[in-house]
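Being a predicted model, the structure only gives us computed values, none of them experimental. Here is the naming used below: chain letters follow the sequence lines, and residue numbers restart at 1 for every chain.
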Amino acid sequence: MATDKTIMVELTDAFSDAISDVDVPSANRAEARIDSSKVTEIMQFLRDKGFDHLSCISGVDYPPDKMEVVYHVTSYSAPLVITLKATLPRDDPNIDSLCDIYWNANWYERETWEMFGIVFNDCPYLKVLILPEEMDGEWPMRRDYAGYPNAT
Amino acid sequence: MTHENTQITSPPSPSEILLHLGPQHPLQPGPFLLDLKIDGETIREAELKIGYIHKGMEKVFEDRTYIQIMPLTDRICYLASNANNDVYCRAVEELLGIEPTPRAKYLRVIANELNRIQSHLLGIGEYTTDVGFLTMFIYMVRERESIVSLLEAITGSRLNHNYARFGGVANDLPPNYKSMALKTLGEIGKLVKSHDEMMSSDSIYLKRTKGVGVLTDKVASELGVAGPPLRATGVEYDLRRIEPYLVYDDLDFKVITQQDGDVFSRVKVRLLEIQESIYIIEQCLDQIPSGPYKQHVTPYITRPKVGEVYTRIEDPRGELGMYLVSDGSNKPYRFRIRGPAFATAQALPPLLIGTYMADVAAIAASMDSCTSEVDR
Amino acid sequence: MVIYDDIMYWLVLIFAESHPYSDWIRGILGGLVIGAVFGGALVMVYLERKFLGDIQSRIGPNRVGGRYGVLQLIADAIKLFTKEDIIPANADKWLFIGAPIVALTSGFLMVAVLPFDYLLINGSYYAVNVTRMDISILYLEAVSGLAVFAIFMAGWGSGSKYSMLGGFRNIAKMIGYEIPLGVSIISVAIMAQSLDIVEIVEAQDFLWNIMIHPLAFIVFGICLVADVGRIPFDQTESEEEIIAGWATEYSGMRWGLAFFAEYLHAVVGSFMVALIFLGGWNGLPIVGNLYIPGIFWLIIKTIMVIMFFIWTRGALPRYRIDQVVDLGWKCLLPLSLLCLVWSTIIGLVFG
Amino acid sequence: MINLEIIPFMIVSLIMIVSSILVVKAKDVVHCAFACVVSMLSVAGFYVLLNAQFMAVVQILVYVGGIGVMILFAVMLTGRGQGVE
């Protein structure tokens, strides 16, 4: 199983139309930009290749028109961390859920959803995790969130 | 492992009770709500609800300059404040393209390992009270005091250290630190060993812990946990070894593993890691080079160039990562904290299903979750 | 010596039950004894704090009442009296209020038959106790069982799930432990050929029961620790699992009484161990002809048993509830039956 | 002069009658169980008044300590709402 930098070549070969901007800045890091509609297939591919540890899912807001979901995928046996970014439109951000592939994606997706309003399709329990329930729908981590700091 | 295991799916039947463990409960290290559906004493379903001490740190950090964030990272998890400092500092250093001085690297390793020892000692202590072993808690806290004093001698504070700086550390070692540290650490090593023997030879303790809350290596990696709970299943996953940072390359240490994956092994891993950390500190004190402990020009107004970085280190609780996006200004554009306790907390409800009420305390405490860090 | 003879004459009349006011005087003695046991429980609380502090390498109470903190308990009692007394809204009021009363009643009823000393008057023994009963050991066992109801009442009546779990645990535990407790007492009674605790103590003037019958001592000791609900058997109020078990909803002096009843049971239980197994007021032969009052021996032995209780609390973790029930049914019950066999053999060979 | 023993007899009888009625009439099944225990205890009181102390102790030991706990155990294993009208 390829858990080193060659995975990026394999990944580009397998999903040539969905991968762009591949970059390998150091021995332990690799990054690429992916098509948001292919995220489950790509992750399944990586998981089959030995990248069995989803480190983190984060959202990044780039107003006025786009948002990013950033996946950090790594392995329990190798130091390579693959950073995959999927760009979403800001007015209707939605992306497929990874819960079936990585069990621990659940809470990360819930957190990203409640903070950014990025909808993860098929996430089994997409409800607020950290915020109080009355804050549902305010998306506080977006850059233009007006409630901060006055609503505290 | 399915996601139904983390949720309470149906209302309790007449023979079952829905028990809300929390938000205030003697078992907890911080406020969280553990909903349990129990049948007699057996747990049928469990659901963890968090967010009671959500501090909005990721949002707050977007509004602070890089140097202002440094003391705030202590507050992510007060028991691992040095690890938080260190990972943040390394992330910014990577963005800035600078390296800490060689002496500072050793000093950071020393502080990190001392921090790991005190965190493990308190974690084991809390855990032993949860199996009803109050005496061991007080012993562990007593031992922790001297470790915290050692930390205080180099960092200047006992709980929130704020020790790392971009390119260096805040203070150098005080005079005669080596002899003082070696003496204390030798004593602590012996005491912890005797506590370990005391616990391992107690038949009631073994009954409470052996074979309870078993996490196999496959399930553990599926749940995405890291740190001592994963190493207790036999997986040698330690970022100090897999992705060596600072000077861990030059140091000789073992990655502690146990095979069983039960509560006993998780605590055993921590107990052995304390010994290993003591060994690492002893090596560091021997090998530490002389020289400056911080850069000549400490960048107070830090403006990293546009870019992003994901840095991770081995926290006392597992894999602590920080994802920083810089837009070239003096404040981070996005600051993401990937806490180890978040992952372990998520893995708690599936472990509880089918166990007894009394095991909730033992299992939850053996995962050594830190609510402050889960909520951030 | 006229006065001395007079006193002896009165004592004979009182304890031989032939004085017209014998009942009244025994009643006054009973009041004194209740006070003494109250004081004993207080001493136990203080001892526990200090000795446990020593075990855990800390100081214990050291502020109120000088550097040894002797008045700490008084301060605690004042605090408890002045706290608000809360009855939860969905509590079962009668059961909630009744529980501490039943617990204390059971403790005080036990005190009624405990002998404390003996008097050797005109060549015959007279035990000093409130009530002389020829089946006192059965009586002790019977009324000590009432405490189970108190805990169930508190657990059920509080209307809280944690309390209910505590009450359930207590019932499940005590069903398994009352039987070995009773059987081990019976096996001692067989050896002494009497159900009277005074006669059991008198039978130990040469060899204590712990030497003849160590197994019964072990079984009785373990069951007693379980009975009074102390670590490693304090599942009914284990803090990290079910907060305080049956005592979760109690506050103020109601909680204080329930708490106190536990210590009362522990003190009376220690008395029973000292009387039944450690020879009661019989002293060690090493002191020779030096006269030491029997009550002194009894108190020394009781304090040793109490110290043992405290020591187990400092040294052991807590069992899980299913392991406790397992231990009761699978280990202690067969052992207690073995005790019965052993004492029957002793009875057949030496009796 | 009346026999003073009539006073405890009256008290015990009253307790017994009231608790026996409660066994039948109480709404909550746990109250019934506790009333049953109290009436058994008052039977032990009668034995004491009859100077049959051994019987009294055995009554407490067997009926209160054994049967009473068994009744409560049975109540505990049933659902709470089922005994309430």
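Contacts between residues 57-72 of chain D and chain C, counted as heavy-atom pairs separated by less than 4.5 Å, involve Val57(D), Ile60(D), Leu61(D), Val64(D), Gly68(D), Val69(D), Met70(D), Leu72(D). Contact residues of residues 10-18 of chain D toward chain C are absent (heavy-atom distance under 4.5 Å).
Contacts of Leu138(C) with chain D are made by both backbone and side-chain atoms, with heavy-atom separations under 4.5 Å. Residue contact with chain D, scored on non-hydrogen atoms closer than 4.5 Å, is absent for Met174(C). Within the 4.5 angstrom heavy-atom criterion, only side-chain atoms of Leu95(C), from C-beta onward, approach chain D.
Legend: salt bridge (Lys or Arg N to Asp or Glu O under 4.0 Å) pairs involving residues 169-194 of chain C, not counting sequence neighbours, sorted by first then second residue: Glu41(B)-Arg169(C), Arg169(C)-Glu241(C). A salt bridge (Lys or Arg N to Asp or Glu O under 4.0 Å) check over residues 139-163 of chain C, counting only residues at least two apart or in different chains, returns nothing.
Dense packing is recorded around CZ of Phe108(C), with more than 12 heavy atoms of other residues, nucleotides or ligands lying under 6.0 Å away.
The aromatic rings of Phe34(D) and Phe149(C) stand perpendicular to each other, their planes meeting at an angle above 60°, with 30° marking the opposite boundary.
In this structure, CZ on Phe54(D) lies 15.5 Å from OH on Tyr139(C), to the nearest 0.5 angstrom.
Considering only heavy atoms from C-beta on, Val30(D) stays 4.5 Å or farther from Asp92(C) through its side chain.
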